[in-house]
Amino acid sequence: MWFLAISLLLRLGFFIWQYDEVSWGPVNVLQTLLTGLFFDLGTIACISLPAAIYYSLMPNKWIGTWADKILVWFFTSLTIFILVFTFFAEITFWEEFRTRFNFIAVDYLIYTHEVVANINESYPLPLLIGGVLFITVCVLLLFYKKGAFGLTFGTKASFKHRAAVLLSLSITTLIFSLFITNSQAEWSTNRYNSEISKSGIYSFFAAFRNNRMDYDEFYSSIKDKKAFNIIRQKLSDKNSEYTSNGYAIHRTVTDSSASTENKNVVFILVESLSGSFMKEFGNTEGISPFLDSLAQKSVFFENLYATGTRTVRGMEAVTLCIPPTPGQSIVKRPENDNLYTVNSVFKKRGYNSNFFYGGDGYFDNMNAYFGGNGFTIYDRGRGSVLSDNIKAKRNNIEDNEVTFENAWGICDEDIFNKMLDVADKQYASKKPFFNFVMTTSNHRPYTYPSGKIDIPSGTGRQGAVKYTDFALRKLFETAKTKPWYNSTVFVIIADHCASSAGKDDIDVANYHIPAFIVNLPKQNNIKIKKLCSQIDLFPTLFGLMHWSYDSDFFGRDVIANRFEERALMGTYRKLTLMKDNRVMILSDQKKQAFYSWNKQDNNLAPLPMEQHFLEEAISWYQTADYLFTNKMLK
C-alpha cells in the first residue's frame, strides 16, 4: 500500500508541476490516475514475484530461523531502498526530460561514470542519499511497529495458500510481460497526461526491452517498391544520376562547375543549442552575442529542424544524412562501421579526418562509431574497452591540456584549443583536414571556468549557453591568426534543442536549431528561409563548394532550385514529416495522426488524413530502415 500511496503522491506532484499544460478535465484526471494505478499494480506483482518464489520454496520448519530473518530483513531493506531511490530519481529525470523513465534511463545504467558524476555535480547527492536512507528506515520502522515482520516470521502457510499466491503473481507478471505494453498508457492526446499515467519502473523495463524497433513490425508500411519509388522521386535532380534501379538511393551528384579545391572544414556540433537562445529568433537575454553576429556574416539556416532529441541523433543526422529510424540511433547500433558517411566523401578527396570530444568517447558508443567510419579520435579516455582497430586511432587529451573539466568532459575552450593544435600539425603536413568537434559545456551541471562571462558558473542553462558563445568567439579569434584560416570553412550546428518535451507527441518548436556555414570564399552572406533538416547540412555545404561526389544521403542541397521543403524529426518511437505547417506523426502500434501546426502558439490541431502525405511520411522512414538493416549503407 505504501508503494501505491507514494506513486499517487508522485502523480499528483507531476500534475502540479505541469499545471498549465496537463488536461485538468475531471474525466482526464480520473483516467490518468486509474491508468497509473493499473500499471502500479502490475509493477507490484513483478516486484513481489521473487519474494513469493522464496516463500513457496521455504519449508515451514525454517521460517523464523536466524537465516530466514537475515535474508528477509536484508532483501526487504534493499527493495525499499531501491524503490524510494527510484522515486527520487523519477523527480530528477522529470526535471531534465519531462517524461517518465525511457531508453535514456537505460543508457544511464551503462555509462555510470558520467551519470553519477553529473548527478553529484548537479544535485546535493549526500542530501538525496540521506533522504532515501531516512525514508527507508521510516518505512521499515512502520512495518516493524505494525507487526509485519512478526507476522512473516510466525506464519506457517499451507502449500495450497503458498501456491495460490505464487500462481496469482506469476499470472499477473506474465500478462504484464507479454500482453501489456507501455504504449497502452498513452491514451491521451496530451502527452503529459499519458506520461503521468505511466509507472516509472515499468517504463524503464519496457524501454530496456524495446530499445531496438523493427520498422515493419511496429509502424504502418507500404510496399517497399512503392516506398523507394516515392523517395527516389523526391531525391531526383538534374545534377544527380542513380547508379542502379530498385531498392537503393545511391547516385552520383555532379556539379557543372566542379571544383578540385579542397578547403579545410572545421565542423562543430554544439550541445543543446536551441534556436530560442538566439536574439535572431526573439531571445532578449543577450546570451548568444557572438552567434547572433555570426548569423549576419555567414550562410545562416533560419528554418532548420533537428532530427531528434539526443546527441547521437544529431551525429547520425549530420554524418549519414538519414532520417531518424525508430529505436536507438545508428551511432549506438551493432554493425555501424564502414558506412557511407560524409567522411566517405572527404576521404575520397584525400582529407585527414578527426573526431574531438571532451569526455570519454566510449559514452554513447561514439568512439566505436567514429573510429569505425574513418576518423582519428581525440578524447579524454579512461581506458575504456575498445577494439584494437579503434585503439590504433585513439589519442588521449592529456591533463596538461585541460584547464577545466566537469562530469561530461573538458570545457569548450579546451576542446577548441586541442583542435587548433591538431589543425596546426595537419596544415604542416600539407594535407586538407576535416575536424569534427563535439562540445559539452552547455549541459547540466552547467559549470565552466569562472571569470569568463558575467554569469556565475553552475547557476543554470543561460550561463552555459553564454559560455559556449564566448568559447566560440575565442576559437574564431585564435583561428584568424593561423596560416590555414583563409582556406578553412567553419560549420556550426546544434545536436538538438535543450528541451524537446511538450504536451503534444512532437513539440515542433523544440526541434528548431540554428546552423551556420562560415568563411566560405566567394560566397555571399545569405539567410536561408527554406524549411529543411539537419540531414541537409552537408549536401548543402558540398553544393556550395561545387563538389561532385557519390551519395547515399537522404539530405539534399537546400539552395538547389528543385529542393522540396520538408523536415524530418522524431523521438525513439515517434516519426514525423513536416511540410509547410502540416505535420504527420507515425507511431508504433501502426498508428498515425495528421496535424496543422500553429507556429505562433506551437499547438497542433487535428486534420483529416491525407493518404499521399501519409505514404510520403512512411516512405522516408521505411526506406531508411530498409537500407540500414539490409546493410546497404556499407
Side-chain angles (χ1 to χ4, degrees), residues 189 191 213 215-216 218-224 226-236 249 301 303-309 313-314 316-318 320-327 329-330 496-497 500 502 504-513 530-537 539 553-556 558 562-599 602-628:
T189 56
R191 192 191 65 84
M213 304 175 73
Y215 183 89
D216 289 340
F218 289 95
Y219 296 86
S220 298
S221 60
I222 57 179
K223 296 289 186 181
D224 286 328
K226 184 174 186 179
F228 273 96
N229 284 342
I230 290 173
I231 294 306
R232 285 167 66 95
Q233 190 276 326
K234 295 294 178 183
L235 298 178
S236 64
I249 63 168
F301 295 77
N303 202 16
L304 185 146
Y305 288 78
T307 62
T309 61
R313 278 299 184 197
E316 172 190 85
V318 296
L320 286 167
C321 307
I322 193 172
T325 51
S329 164
I330 290 173
H496 54 81
C497 282
S500 62
D504 294 315
D505 287 339
I506 294 289
D507 192 281
V508 176
N510 279 334
Y511 285 78
H512 180 223
I513 58 174
K530 295 178 182 178
L531 172 65
C532 57
S533 170
Q534 254 177 330
I535 69 175
D536 300 314
L537 183 63
F553 307 142
F554 285 80
R556 293 189 58 202
V558 176
R562 290 194 60 192
F563 178 77
E564 184 177 343
E565 298 183 43
R566 49 90 189 99
L568 298 148
M569 50 194 147
T571 64
Y572 78 112
R573 289 176 52 209
K574 307 288 185 180
L575 308 172
T576 304
L577 171 66
M578 180 168 72
K579 301 175 74 173
D580 298 320
N581 67 332
R582 295 178 298 161
V583 177
M584 182 71 72
I585 301 177
L586 308 177
S587 304
D588 50 358
Q589 297 185 309
K590 300 184 182 293
K591 294 180 179 178
Q592 47 271 328
F594 194 36
Y595 299 99
S596 173
W597 177 51
N598 187 326
K599 191 172 185 177
N602 194 33
N603 278 328
L604 296 177
L607 287 175
M609 185 59 62
E610 291 185 16
Q611 187 62 26
H612 72 280
F613 200 117
L614 173 61
E615 289 181 353
E616 181 184 343
I618 290 171
S619 298
W620 284 106
Y621 295 104
Q622 183 175 324
T623 55
D625 184 81
Y626 181 98
L627 292 176
F628 178 76

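Note: R313 CZ to T307 OG1 = 6.5 Å, rounded to the nearest 0.5 Å. Here S587 contributes atom OG and Y219 contributes atom OH; the two are 7.0 Å apart, rounded to the nearest 0.5 Å.
Listed by chain and residue number, E564, E616 satisfy the salt bridge (Lys or Arg N to Asp or Glu O under 4.0 Å) test with K579 (two or more places apart in sequence, or in another chain). Legend: residues meeting ring-ring contact (aromatic ring centres under 6.0 Å, His included) with Y511, ordered by chain and number and at least two apart, are absent. For N598, there are no side chain to side chain donor-acceptor pair (under 3.5 Å) partners two or more places apart in sequence or in a different chain.
Remark: the backbone N or O of R556 is paired with a side-chain donor or acceptor of D536 at under 3.5 angstrom. Side-chain atoms of K591 do not come within 3.5 Å of backbone N or O of S220 as any donor-acceptor pair. Formation of a donor-acceptor pair under 3.5 Å by the T571 side chain with backbone atoms of K574 is found in this model. Panel note: side chain D625, backbone Q622; no donor-acceptor pair is recorded below 3.5 Å. Put simply, the side chain of Q592 never gets that close to the backbone of L586: no donor and acceptor are under 3.5 Å apart. Of the possible polar contacts, none joining the K530 side chain to the N303 backbone as a donor-acceptor pair under 3.5 Å is found.
Counting heavy atoms from C-beta outward, I222 and I230 have side chains that approach closer than 4.5 Å.
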Let me see the working for Y215 and Y626 under ring-ring contact (aromatic ring centres under 6.0 Å, His included), right down to the final yes or no. CA-CA 8 Å; Y215 183 89; Y626 181 98; over 10 Å; no

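Between R573 and D588, at least one side-chain nitrogen of the basic residue sits less than 4.0 Å from a carboxylate oxygen of the acidic one, meeting the salt-bridge criterion. A salt bridge does not link D580 with K599: none of the charged nitrogens is closer than 4.0 Å to a carboxylate oxygen.
Of all the heavy atoms in Y305 and W597, the pair that sits closest is OH-CH2, 3.5 Å. The two atoms that bring P323 and E316 nearest to each other are O-OE1, 4.2 Å, heavy atoms only.
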